[in-house]
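Residue numbers count from 1 along this sequence.
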Amino acid sequence: MIQSNTEAIARRDRPPWRGGSRKREFPQSTTIDYGITMSFQRASGILLHPTSLPSPFGIGDLGPEAYRFIDFLVDTRQQLWQILPLGPTGYGNSPYLCYSSMAGNHLLISLERLRDDGLLSQEDLDGAPDFSADTVDFDRVKEFKLPLLKQSCENFKDRATPEQQYEFQNFCDRVSVWLDDYALYMALKDANEDKSWYDWPDSISKREPEAMEQWKRRLSKEIYYHKYLQFEFARQWFDLKRYANDRRIQIFGDVAFYVAHDSADVWAHPDIFCLDRETGQPELMAGVPPDYFSATGQLWGNPVFNWEVLKERNFDWWVQRLSTVLDYMDLVRIDHFRGFQAYWAVPGGEETAMAGEWIEAPGVELFQVVADKLGKLPIVAEDLGIITPEVEALRDKFEFPGMKILHFAFDGNRDNFYLPFNYNSPNWVVYTGTHDNNTTVGWFNEIDDDTKWRIGTYIGNFDANEIHWEMIRLALGTVANQAIFPLQDALGLGGEARMNLPSAAQGNWGWRYHPEQLTGEIRDRLRNLTETYGRHPR
């Protein structure tokens with residue numbers, strides 16, 4: 001029999017399928033029901049995606065090491081665990097290009113938790129190959145893990161108690177608004193040799209009703225499997241989130257502005273994207289214009305939103321998306337926030353971003369609708385790059401904190417708005433660097449001597465061996481309400497531990513740490529700095 005989670009679920013932060021009000025009230029200092037302050041109070045935390053956690057199965061997951069990492073956050077007096085988007089990743093394994101903006105990544109499901117719940121045996125786990133402890137080999141992980149996830153699904157069908165079967169069905173009913181389309185989409189991808197939805201037969205790529213019903217019947221077993229994966233992900237995630245919240249750790253999530261072209265979102269809702277209805281290809285593609293860093297701009301290729309249709313529908317898809325994410329997170333960063341004010345739209349078929357144009361977006365109307373339906377929003381705006389006064393006005397109208405990156409602060413310009421003495425209020429999240437930056441040690445090793453001299457003069461320390469701690473100290477000591485740094489910086493790792501190089505399509509997102517790297521010396525030093533600068537729980 002499967003071990004019952006009923007008591008645990010009753011105690012933890014309410015999952016989305018357990019009912020309750022959808023409206024949230026998150027004023028600047030409000031205590032929510034799990035006993036921590038949901039606000040942008042002075043705090044600090046660590047950026048670490050769950051895939052980077054240690055585990056014997058080739059990829060970090062929601063198992064024992066995730067709980068140990070939360071214990072590390074508690075021991076070092078942190079209050080935030082920032083992660084990247086949690087969705088199921090597609091080509092390139094980027095969490096910013098997922099098969100769904102609302103589903104969870106089934107590769108994060110803990111096999112050890114499945115064993116403890118009676119859905120797998122220890123013998124199943126003993127068959128794991130000798131995975132690298134340093135990086136994720138996504139293909140090998142899938143080859144090993146997916147058959148075991150399918151086996152656990154069959155065991156769930158055979159062994160689940162009536163209570164657990166009810167919980168599963170209740171979950172499916174509660175999140176059916178996105179789960180039904182996602183599960184069918186994933187089953188169809190499998191049935192069509194992993195082709196993108198716009199390369200499927202026309203009848204199903206265009207969602208003709210008769211074809212939809214036929215495929216649902218034909219793929220009922222596969223649809224059940226993908227719904228089970230989302231159920232199991234949610235069970236494990238909410239157990240972990242409750243463990244964090246009970247220890248005054250908030251989960252700081254991330255939302256990509258655009259969604260992948262090959263995703264359940266675009267296939268199920270083609271009308272809210274700028275698509276050619278016959279081919280399914282984008283009529284307008286996302287990107288950014290040419291600038292100092294790129295003479296041809298950046299062409300991302302995602303279809304841009306059809307904001308006229310979204311506005312007519314009272315932004316229902318965005319409301320559902322943010323509502324779903326906020327069920328799983330305590331606060332969220334929205335990537336490419338400037339796209340809510342105006343977005344760069346490139347005609348379909350272009351090979352660079354040069355032929356695009358700026359088109360205004362109804363960001364004010366959108367966030368007003370979302371706030372009316374969900375309450376005050378615990379959102380951080382990713383406002384990096386060239387940001388106009390109009391974007392700043394949108395951010396400030398809804399009191400969303402912006403971001404400051406210390407790696408960008410030392411170009412020699414005294415007016416550089418990333419320099420801490422230029423922060424005009426506490427309503428910021430300051431980072432040493434983000435997942436798109438090199439590690440602090442790697443960054444410092446690559447910059448020129450003049451910049452190194454400016455940094456040493458500013459922080460009062462020219463010891464290159466201490467640069468990661470000095471940048472963490474600098475972040476913690478600012479007036480910004482939140483200070484975040486990647487775990488790689490606390491560990492003093494070089495460029496080999498970089499999480500993402502934006503210009504590289506492959507080879508990213510794989511870094512992992514070893515459990516023995518979280519030494520007592522690092523714990524003590526981080527705890528002392530956090531307390532020194534008043535960012536510890538009170």
Side-chain angles (χ1 to χ4, degrees), residues 42 44-47 76 82 291-295 382-387 401-426 428-504 508 511 513 517 519 521-522 524-535:
R42 189 170 177 81
S44 61
I46 292 178
L47 169 60
T76 57
Q82 183 167 359
D291 57 18
Y292 175 81
F293 300 100
S294 173
E382 185 273 291
D383 54 353
L384 306 177
I386 300 174
I387 301 300
M403 293 173 58
K404 300 292 187 181
I405 311 298
L406 293 180
H407 288 190
F408 300 160
F410 299 99
D411 61 357
N413 179 7
R414 289 173 56 86
D415 296 327
N416 184 312
F417 45 75
Y418 295 114
L419 277 171
F421 64 71
N422 286 324
Y423 298 178
N424 57 1
S425 81
W428 301 101
V429 183
V430 60
Y431 294 79
T432 52
T434 73
H435 63 279
D436 283 334
N437 293 95
N438 204 340
T439 68
T440 289
V441 171
W443 160 78
F444 189 79
N445 287 338
E446 292 180 353
I447 58 178
D448 60 73
D449 289 342
D450 287 344
T451 305
K452 289 178 180 177
W453 182 86
R454 285 193 293 269
I455 294 169
T457 302
Y458 192 93
I459 64 179
N461 188 342
F462 289 89
D463 184 355
N465 294 322
E466 286 287 294
I467 187 60
H468 54 296
W469 283 115
E470 290 299 338
M471 294 297 282
I472 289 172
R473 179 194 295 275
L474 183 59
L476 292 172
T478 67
V479 298
N481 281 335
Q482 284 78 43
I484 303 287
F485 40 89
L487 182 63
Q488 294 96 313
D489 285 356
L491 300 181
L493 301 179
E496 75 283 352
R498 183 171 185 160
M499 191 64 169
N500 180 46
L501 181 63
S503 60
N508 294 316
W511 175 78
Y513 76 90
Q517 289 179 284
T519 65
E521 179 183 358
I522 290 174
D524 292 344
R525 191 165 186 177
L526 185 52
R527 180 175 61 248
N528 290 338
L529 283 174
T530 303
E531 291 176 345
T532 295
Y533 291 104
R535 294 189 181 274

Legend entry - Thr76 side chain reached by Thr530 side chain, heavy atoms, under 4.5 Å: no
Legend entry - Value rounded to 0.5 Å, distance of CD in Gln488 from CG in Leu47: 7.5 Å
Legend entry - Interatomic spacing from CZ in Phe417 to CG in Asn413 - rounded to 0.5 Å: 9.5 Å
Legend entry - Sidechain-backbone polar pair: Glu496 side chain, Gly494 backbone, donor-acceptor under 3.5 Å: yes
Inset, instruction - Heavy atoms only: give me the nearest Ala475-Ala483 pair and the separation to one decimal. - result: O-CB, 3.7 Å
Inset, instruction - Would you mind reporting whether Trp511 and Leu487 have side-chain heavy atoms less than 4.5 Å apart? - result: yes
Legend entry - Distance-minimising heavy-atom pair for Asn438 and Gly495: OD1-CA, 3.2 Å
Inset, instruction - To the nearest 0.5 Å, tell me how far Asp415 CG sits from Phe421 CZ. - result: 8.0 Å
Inset, instruction - Ignoring hydrogens and angles, tell me if any N or O in the side chain of Asn461 forms a donor-acceptor pair with the backbone of Ile467 under 3.5 Å. - result: no
Legend entry - Passing candidate, side-chain hydrogen bond (donor to acceptor under 3.5 Å, both in side chains) with Asp489, options Thr439, Asn437, Thr440: Thr440
Inset, instruction - Determine whether Tyr458 and Leu406 make a side-chain contact, defined as any pair of heavy atoms from C-beta on separated by less than 4.5 Å. - result: no
Legend entry - Any donor-acceptor pair under 3.5 Å from Lys404 side chain to Pro420 backbone: no
Legend entry - Donor-acceptor contact present, side-chain Asn508 to main-chain Pro502, <3.5 Å: no
Inset, instruction - For Arg454 and Thr451, test the side chains for any donor-to-acceptor distance below 3.5 angstrom and give the result as yes or no. - result: yes
Inset, instruction - For residues Leu419 and Arg414, report the shortest heavy-atom separation together with the two atoms involved. - result: CD1-O, 3.9 Å
Legend entry - Minimal non-hydrogen separation, Arg535 against Ser44, with atom names: CD-CB, 3.7 Å
Inset, instruction - With rounding to the nearest 0.5 Å, note down the distance linking CZ in Phe444 to CE in Met471. - result: 9.5 Å
Legend entry - From CA spacing to verdict: side-chain contact (heavy atoms from CB on, under 4.5 Å), Trp428, Asp383: CA-CA 11 Å; Trp428 301 101; Asp383 54 353; 3.7 Å; yes
Legend entry - Heavy-atom donor-acceptor pair, Arg498 side chain to Asp436 backbone, under 3.5 Å: yes
Legend entry - Short side-chain donor-acceptor distance under 3.5 Å, His407 and Thr432: no
Inset, instruction - For Leu493 and Gln517, run side-chain contact (heavy atoms from CB on, under 4.5 Å): C-alpha distance rounded to whole Å, both residues' side-chain angles, the deciding distance at 0.1 Å, then the answer. - result: CA-CA 11 Å; Leu493 301 179; Gln517 289 179 284; 3.9 Å; yes
Inset, instruction - Let me know which of Glu466, Glu470, Glu531 forms a salt bridge (Lys or Arg N to Asp or Glu O under 4.0 Å) with Arg525. - result: Glu466
Legend entry - Asn416 CG to Phe410 CZ distance, which is reported to the nearest 0.5 Å: 8.5 Å
Inset, instruction - Applying side-chain contact (heavy atoms from CB on, under 4.5 Å) between Tyr533 and each of Asn528, Ile472, Thr478, Leu476, report the one that passes. - result: Leu476
Legend entry - Residue that, paired with Lys452, satisfies side-chain contact (heavy atoms from CB on, under 4.5 Å) out of Ile455, Asp449, Asp450: Asp449
Legend entry - Tyr431 side, atom OH; Phe408 side, atom CZ - distance, nearest 0.5 Å: 12.0 Å
Inset, instruction - Using modelled atom types only, decide if a donor and an acceptor are shared between the side chain of Tyr423 and the backbone of Tyr418 within a distance under 3.5 Å. - result: yes
Legend entry - Exercise: identify the closest heavy-atom pair between Phe485 and Ala490: CE1-CB, 4.4 Å
